Number of protein chains: 2
Amino acid sequence: MKRRLNLEDIGRRAGVSRSTVSRVVNADPHVRPETKKRVEAVIAETGYRPHAAARSLASNSTGVIGLVISSAVETLFDDPYFGRLILGVSGGTNEGGMTLALFLFGDQADASSIISRVVTPGLVDGVIVTATTRGNPLIDHLQGTDMPFVVVGRPDSARSTFCVDVDNRGGARAAALHLAALGRRRPALIAAPSNTNAGVDRRNGFLEGLAEAGLSVEDRVGEGDWSQGSGREAMALLLAERPDAVFVASDRMAVGALRAIREAGLDCPRDISLVSFDGLVPPDLTMPRLSSVVQPVTEVGKRAVRLLRSVIDGTSTTPEHVVFPTELAVRESCGSTLGPAAT
Amino acid sequence: MKRRLNLEDIGRRAGVSRSTVSRVVNADPHVRPETKKRVEAVIAETGYRPHAAARSLASNSTGVIGLVISSAVETLFDDPYFGRLILGVSGGTNEGGMTLALFLFGDQADASSIISRVVTPGLVDGVIVTATTRGNPLIDHLQGTDMPFVVVGRPDSARSTFCVDVDNRGGARAAALHLAALGRRRPALIAAPSNTNAGVDRRNGFLEGLAEAGLSVEDRVGEGDWSQGSGREAMALLLAERPDAVFVASDRMAVGALRAIREAGLDCPRDISLVSFDGLVPPDLTMPRLSSVVQPVTEVGKRAVRLLRSVIDGTSTTPEHVVFPTELAVRESCGSTLGPAAT
DNA sequence: ACCTCTGCTGGGAGCGCTCCCAAATATATA
DNA sequence: TATATATTTGGGAGCGCTCCCAGCAGAGGT
């Protein structure tokens with residue numbers, strides 16, 4: 001069992017000191033080219049790699065970013081949202097040569113263990129937190145520490161944190177306007193949980209758009225829990241109100257709603273025009289293809305990493321809110337090509 | 001800006017030495033109860049947390065496990081497989097109080113950077129590698145280092161590594177037998193990529209089962225790339241051969257196949273009985289609900305962590321292969337409740 | 001030839017912890 | 001009470017790196 005090589009060993013072999021090797025490894029320009037070449041040769045030949053923990057300790061920076069996702073974990077990946085977010089964050093860390101540490105809450109026991117692990121000094125340089133539900137305890141906790149963090153989504157108390165969000169409200173409003181323009185007159189809403197800020201914003205945006213168009217949902221409102229099943233149930237209930245259009249606050253729930261519509265012997269988009277939110281489900285997954293308000297999740301993740309890095313290195317000091325626009329992608333489920341529904 | 005507390009500081013406040021505090025933190029039993037109590041009081045009061053990097057350096061163990069997923073990243077989470085795997089691995093690391101580092105390959109540039117990052121000493125204690133395609137360069141590379149690793153899936157050269165796999169072959173065989181028992185006589189196969197071991201095993205298992213039942217696929221064979229679109233195309237082509245049953249090597253591709261069947265004006269399961277592999281798509285996602293061979297992905301992930309931990313701590317030294325059973329879940333798409341198809 | 005200035009290099013100190021051995025104290029045995 | 005033994009505690013050494021300052025060489029100016 002041969003010992004691991006360290007800077008000193010490489011230095012000895014190259015006839016230079018520890019410090020010089022360190023400079024070469026860190027691309028410090030103050031090294032004579034020939035010296036540098038020699039050291040690099042030894043490094044290549046020995047396969048030397050600097051020890052990450054030692055580096056972190058000495059430099060007080062780990063090169064690791066934490067992503068904390070608190071949610072009912074079992075069904076986490078049933079919704080494409082988190083996968084995409086992880087993809088974006090991973091892309092962001094990769095481009096900075098950083099490492100991504102993923103913290104997923106399972107049950108409540110994990111939660112407290114993770115909360116304390118996340119703030120352990122010397123483990124991560126900063127954290128990205130998804131603010132799925134209002135009153136996220138982790139955010140409060142982080143606020144009391146000096147661990148840099150950014151929130152994905154809109155945090156409850158807007159002013160004190162860095163965050164990256166999408167224009168939920170604007171997107172939902174656009175959906176309402178589109179449905180109205182299509183001539184639909186009995187719009188329904190399947191909202192996302194009202195204990196999430198995204199859910200609240202989408203609901204308000206939709207109602208706002210409707211109001212602008214002189215429409216209202218009246219009693220045609222249901223609420224799901226993001227799951228497909230909840231969308232189906234909500235839709236089944238709503239059917240009694242004979243809506244001619246529905247805005248479903250997430251793709252996932254929309255898939256369920258679609259099922260309920262079909263099970264009732266109705267046709268989407270002919271009988272009911274549907275627009276959902278997210279734009280994450282591959283269009284071909286459903287028949288008809290979902291028209292939905294697309295949010296750029298991957299970009300959100302990437303951007304969150306960049307923002308966090310600027311917080312870590314002190315470039316950003318005053319709370320900053322980045323909001324990405326959302327855009328309605330018209331496909332089949334809204335029935336744009338059909339013209340107004342026959343009453 | 002107050003300095004971060006260290007063991008020495010806590011010791012001073014509690015009137016004991018650095019070492020004693022360390023013992024308390026690490027639950028070493030050789031501490032007098034009252035001393036322990038006093039130290040714990042100081043820790044609680046100051047909110048002290050040991051520095052992870054310092055710990056890693058001194059103890060030569062990081063408490064971090066790496067999960068490396070090499071795949072076309074953009075579409076990674078379109079397939080529920082990886083999400084579930086991550087969930088399982090995350091559950092495994094959480095239960096050991098460990099941290100999960102996630103390495104996703106984006107493009108080829110990421111690949112080499114990640115490969116070298118993964119083997120950096122002092123970053124992770126070990127790695128879990130998904131062996132999506134044959135001849136995975138990372139596995140070869142790891143074999144040349146002393147970084148502990150376990151492979152999820154069957155590696156090419158079976159004998160030299162630790163791995164956790166599922167019984168792809170047996171599951172596919174069961175699918176064939178089931179289709180045959182249903183009275184189907186013109187079975188087709190939409191295989192997974194033959195440059196993956198899972199793809200090869202599923203194909204062989206299916207053919208084997210068919211042979212046992214005295215059937216054969218003849219020309220009714222297609223191959224997809226795991227994507228839904230590829231399943232659809234393969235099925236569309238296959239339709240010309242007038243199959244009365246099809247085994248699709250993944251749920252995802254099966255969703256595409258279902259679409260092709262419907263687009264051709266045929267009915268599944270009446271005209272074509274379909275069985276897929278994975279059991280990961282929520283049943284209600286499709287109409288009809290998919291009958292599929294279920295693989296316990298989450299358990300695989302959990303088990304991989306446990307196995308890796310035993311490799312890390314030296315408990316396991318001789319390559320060990322864990323294989324989970326797979327099980328056919330009969331739902332609607334195979335048409336079991338229909339009786340034999342009318343020719 | 002002398003001095004200065006710049007460019008490169010070496011080495012001490014220290015990051016906060018664990019490991020281990022020895023010292024100090026408490027307990028058991030004769 | 002004296003001695004042996006077990007329990008608890010303290011502190012040195014070191015993990016491998018970065019940071020910083022001092023030293024040393026060679027180039028340039030007078």
Side-chain angles (χ1 to χ4, degrees), chain A residues 1-40 42-43 46-64 119-125 146 313, chain B residues 1-40 42-43 46-64 119-125 146 313:
Chain A
M1 168 77 98
K2 62 184 192 315
R3 206 175 42 79
R4 184 202 321 299
L5 291 165
N6 61 26
L7 279 184
E8 203 85 46
D9 298 322
I10 302 300
R12 199 173 309 120
R13 297 203 194 200
V16 297
S17 77
R18 186 166 39 90
S19 306
T20 300
V21 181
S22 172
R23 289 189 188 97
V24 171
V25 168
N26 295 294
D28 183 322
H30 303 279
V31 182
R32 219 172 43 192
E34 31 192 319
T35 311
K36 184 177 169 191
K37 199 140 293 173
R38 211 171 42 208
V39 173
E40 279 172 341
V42 176
I43 290 178
T46 54
Y48 167 77
R49 310 239 67 223
H51 192 282
R55 225 179 211 201
S56 304
L57 178 58
S59 68
N60 198 31
S61 143
T62 63
V64 179
V119 299
T120 300
L123 182 58
V124 297
D125 288 339
D146 50 5
D313 69 21
Chain B
M1 169 77 100
K2 61 185 191 315
R3 209 175 38 80
R4 185 201 321 300
L5 292 165
N6 61 25
L7 280 183
E8 205 84 45
D9 297 324
I10 304 300
R12 197 172 312 121
R13 298 202 194 200
V16 297
S17 77
R18 180 168 40 91
S19 307
T20 301
V21 181
S22 171
R23 289 189 187 95
V24 171
V25 168
N26 294 293
D28 184 322
H30 302 281
V31 182
R32 218 174 43 194
E34 31 193 319
T35 310
K36 182 175 169 194
K37 197 140 295 174
R38 209 170 41 201
V39 172
E40 280 171 340
V42 175
I43 290 178
T46 56
Y48 167 77
R49 311 240 66 222
H51 192 282
R55 227 178 205 193
S56 303
L57 178 59
S59 67
N60 199 30
S61 141
T62 64
V64 179
V119 299
T120 299
L123 183 59
V124 298
D125 288 339
D146 50 4
D313 68 22

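Small disclaimer: the values here were computed from a predicted structure and weren't measured. Here is how names work: the chains are called A, B, and so on, in the same order as the sequence lines, proteins then strands, and each is numbered from 1.
- No contact: B:Ser56 has no heavy atom under 4.0 Å from any strand.
- Here A:Arg23 does not reach the OP1 or OP2 of C:dT9: none of its side-chain N or O atoms lies under 4.0 Å away.
- Residue A:Leu123 contributes atom CG, which lies 15 Å from atom C1' of C:dG16 at whole-angstrom precision.
- At C:dT9, none of the side-chain N or O atoms of A:Thr20 fall inside 4.0 Å of OP1 or OP2 (strictly under the cut-off).
- A:Glu8 places a side-chain heavy atom less than 4.5 Å from the side chain of A:Arg12.
- Between the P atom of D:dT18 and the CG atom of A:Asn6 lies a distance of 12 Å, rounded to the nearest Å.
- When distances run from any side-chain atom of A:His51 to the nucleotides C:dG12, D:dC17, C:dT18, the shortest one goes to D:dC17.
- Distance A:Leu57 CG to D:dC19 P: 12 Å, rounded to the nearest Å.
- The B:Leu7 side chain lies nearest to C:dC17 when the options are D:dT8, C:dC17, D:dC20.
- The structure places CG of A:Leu5 at 10.5 Å from CD1 of A:Ile43, a figure rounded to the nearest 0.5 Å.
- If you measure from atom CZ of B:Arg4 to atom C1' of C:dG14, you get 14 Å, rounded to the nearest angstrom.
- Across all strands shown, A:Asn60 has no heavy atoms under 4.0 Å from either base or sugar-phosphate atoms.
- Taking only side-chain nitrogens and oxygens, B:Asn26 comes nearer than 4.0 Å to OP1 or OP2 of C:dT18.
- Not a single donor-acceptor pair, N or O on each side, falls under 3.5 Å between the base of C:dG11 and the side chain of A:Ser17.
- Atoms CZ (B:Arg55) and C1' (C:dG16) sit 11 Å apart, rounded to a whole Å.
- The base of C:dT18 lies close enough to the side chain of B:Arg18 for a donor and an acceptor atom to sit less than 3.5 Å apart.
- Checking D:dT9, C:dG14, D:dC19 against the side-chain heavy atoms of B:His30 singles out D:dT9 as nearest.
- Taking OG of A:Ser56 as the reference point, atom NE2 of B:His51 lies at 7.5 Å (rounded to 0.5 Å).
- The residue among A:Ala58 and B:Ser19 whose nearest nucleotide of DNA chain C is located toward the 5' end is A:Ala58.
- The local environment of CZ in B:Arg13 is sparse, with at most 12 non-hydrogen atoms from other residues, nucleotides or ligands closer than 6.0 Å.
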Determine whether B:Leu123 and B:Thr62 satisfy the following criterion, side chain to side chain contact (heavy atoms under 4.5 Å, CB included), listing intermediate values before the conclusion. CA-CA 7 Å; B:Leu123 183 59; B:Thr62 64; 5.9 Å; no

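- Between B:Tyr48 and C:dC17, a side-chain N or O to OP1/OP2 separation shorter than 4.0 Å is present.
- To the nearest angstrom, P of D:dC15 lies 10 Å from CD of A:Glu8.
- Using a 4.5 Å heavy-atom threshold, the side chains of A:Arg4 and B:Asn60 count as touching.
- When rounded to the nearest whole Å, the span between CD of B:Glu34 and C1' of D:dT8 equals 11 Å.
- Using a 4.5 Å heavy-atom cutoff, the side chains of B:Arg55 and A:Thr120 are not in contact.
- A straight line from CG of B:Asp28 to C1' of D:dG10 spans 14 Å, rounded to a whole angstrom.
- Nucleic acid contact for A:Pro50: sugar-phosphate only, since backbone atoms but no base atoms lie under 4.0 Å from a heavy atom of the residue.
- Set against D:dT18, C:dT18, C:dC15, the side chain of B:Ser59 has C:dT18 as its closest nucleotide.
- Side-chain contact check for B:Asp9 versus B:Asn6: some heavy-atom pair is nearer than 4.5 Å.
- Across its full length, the helix from C:dA1-D:dT30 to C:dA30-D:dT1 shows an angle of 40° between the axes of its 5 terminal pairs at either end, rounded to 10 degrees.
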